[in-house]
Amino acid sequence: SQPNRIRVFLRIRPPSRDEDTWFRSHQYKPIVRDEHMTPNPERSLIIDRSGKRYDFDKVFRYEATQKQLFREGALPTLENVFNGYCGAVLAYGQTGT
């Protein structure tokens, strides 16, 4: 990994029960375009209404596990810290608890 670079990851939380019900009944649409309709879905997401594309170092979609996030997001930074570099892992948003 590159120790002198800021990396930005995005995790898309799964829909709540209410949201899932609304999506299935077509009362509302998810704002993020489906993975199969997104070029390079591992690194990008598209806001469906505007078509605006956002690129990240990695996009973790609904099915991503905590283990995947740790291994791909935090662990490389920790390894760099152990090798003498400064590092920080910042998380922002809902925790689901």
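Heavy-atom basis, side chains included; hydrogens, waters and symmetry copies ignored. Numbering starts at 1 and runs along the sequence shown.
- Listed here is the closest heavy atom pair of R61 and S44: NH2-O, 3.0 Å.
- In terms of heavy-atom proximity, F9 sits nearest to E72 at CZ-O, 3.5 Å.
- The main-chain N or O of V8 is found under 3.5 Å from a side-chain atom of D57 such that the two form a donor-acceptor pair.
- In this structure, a donor-acceptor pair under 3.5 Å is absent between the side chains of R11 and Q68.
- Residue-environment remark: CZ (F23) exceeds the threshold of 12 foreign heavy atoms within 6.0 Å.
- Side-chain atoms of D20 do not come within 3.5 Å of backbone N or O of S16 as any donor-acceptor pair.
- Residues P76 and R7 are in side-chain contact: their nearest non-hydrogen atoms beyond the backbone lie under 4.5 Å apart.
- Following chains of ILVMFWY side-chain contacts shorter than 4.5 Å, one can reach I6 starting from L10, so the two form part of one hydrophobic cluster.
- Remark: K58 fails to qualify as a cation-pi partner of F56 under the 6.0 Å distance and 45° angle criteria applied to the six-membered ring.
- When side chains are defined from C-beta on, D55 counts as touching R53, because their heavy atoms get closer than 4.5 Å.
- Atom CG in D18 sits 10.5 Å away from atom OH in Y28 (nearest 0.5 Å).
- For the pair P15/Y62, a side-chain contact is recorded, criterion being any heavy-atom separation below 4.5 Å from C-beta on.
- Heavy atoms of other residues, nucleotides or ligands lying less than 6.0 angstrom from CD of E19 number more than 12.
- Contact of the L75 side chain with the F70 side chain is registered, since non-hydrogen atoms from C-beta on lie closer than 4.5 Å.
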>> Checking Y54 against I47 for the side-chain contact (heavy atoms from CB on, under 4.5 Å) test, could you report, in this order, the C-alpha distance in whole Å, the side-chain angles of both residues, the deciding distance, and whether it holds?
In response: CA-CA 8 Å; Y54 295 91; I47 303 301; 3.5 Å; yes

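- Side-chain contact between L78 and N80 is absent, with no heavy atoms from C-beta onward closer than 4.5 Å.
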